Amino acid sequence: AQKVTQAQTEISVVEKEDVTLDCVYETRDTTYYLFWYKQPPSGELVFLIRRNSFDEQNEISGRYSWNFQKSTSSFNFTITASQVVDSAVYFCALIPKGDSSYKLIFGSGTRLLVRP
Amino acid sequence: DTGVSQDPRHKITKRGQNVTFRCDPISEHNRLYWYRQTLGQGPEFLTYFQNEAQLEKSRLLSDRFSAERPKGSFSTLEIQRTEQGDSAMYLCASSPGQGVMNTIYFGEGSWLTVV
C-alpha cells in the first residue's frame, strides 16, 4: 500500500510555542520522496520541503525543521516559536519512485491554529 | 511567473447541471495535474497531462468527468450531470517537466457546491 497518515486532525497552540506535526508513511518502494505542503485559507498549496529516501539528514529552514526517520517511517515537521501566520492546514505527501506520473499521495492534513 | 490560475474560484450549481473549470498553468510547464479535495481530507489525484497528452486517470474520474488540454497550455475539467457528491474543491497543479525534483505548484482551487 502507498499511504500517508497524519493522525493529528487539529492542533491548537499559543503563539511562541513549539509544535510538531506528525507524518507516518507506507510504501513498497525502496526509493521514494516525501513532501510537506502548507494550505492557508486561500486554498493554494504551498510547497515547503522535499526529501528523498536516501537522505536521512534532518533539515532546518528558519523556524521550520524536519525529522526524517526511515526506521519508523516518519517524516515529522516542527515549527519553533510559532506565529499566528503559521495557522493553516499542513499536508504530508509521498511520491514513490516507481510512479512515473509523480502524483502526490497526500495525508488527510493537520489543521494548526496558533492563537495570539 | 504569475502562478497557476484557476477559474472560476467558486461555483454553485444545481444537481444535474454541467460545470467546467479552467486551469492556466505556469508558463512553459508541461505537466498539469488535477486533484479533488473534500472537506477535512487531503487532495486526491484525478488525472494528469504531459503537454496535450492525458497520461493517467484515477478511478475517481467517473464517466461524467472529462479533462482536456488541447494545445498543451490551459486545461479544462468538465463535470456532466453533477451530483451532490461532486461538491469539493478542484485543484490544478503544474510542474516544469518530468522528474520528482521539479516542484509541483498548485493553484488556489475551484470550489464546487452542488445543491
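These values consider heavy atoms only, across backbone and side chains, with no hydrogens, waters or symmetry-generated copies. Every chain is numbered from 1 and lettered A, B, ... according to where its sequence line falls, protein lines coming before strand lines. Values in this document were obtained by computation on a predicted structure and should not be read as measured data.
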Subject >> Contact class of B:Ile104 relative to chain A, heavy atoms under 4.5 angstrom >> reply: both
Subject >> Residue part contacting chain A, namely of B:Glu56, when any heavy atom lies under 4.5 Å >> reply: side chain
Subject >> Region of A:Asp99 in contact with chain B, defined by heavy-atom distances below 4.5 Å >> reply: side chain
Original post:
Within a radius of less than 6.0 Å around NZ of A:Lys38, do more than 12 heavy atoms belonging to other residues, nucleotides or ligands occur?
Top reply: yes
Original post:
Within the side chain of A:Thr27, is there an N or O that forms a donor-acceptor pair under 3.5 Å with the backbone of A:Asp29?
Top reply: yes
Original post:
Taking 4.0 angstrom as the limit, do B:Glu83 and B:Arg64 come out as a salt bridge?
Top reply: yes
Original post:
Under the 6.0 Å and 45° cation-pi test, does A:Lys103 pair with B:Phe45?
Top reply: yes
Original post:
Are the aromatic ring centres of A:Phe47 and B:Tyr105 under 6.0 angstrom apart?
Top reply: no
**OP:** Under 4.5 Å heavy-atom distance to chain A, tell me which part of B:Gln37 shows up: side chain, backbone, both or neither.
**Re:** side chain
Subject >> Greatest number of heavy atom pairs closer than 4.5 Å to chain B - which of A:Gly107, A:Ala93, A:Ser42 >> reply: A:Ser42
**OP:** Test the B:Arg31-A:Tyr102 pair against the cation-pi criterion, namely NZ or CZ under 6.0 angstrom from the six-membered ring centroid and within 45° of the ring axis.
**Re:** no
Original post:
Which answer fits A:Gln39, side chain, backbone, both or neither, if we ask what part of it has an atom under 4.5 Å from a heavy atom of chain B?
Top reply: side chain
Subject >> Contact class of A:Leu104 relative to chain B, heavy atoms under 4.5 angstrom >> reply: both
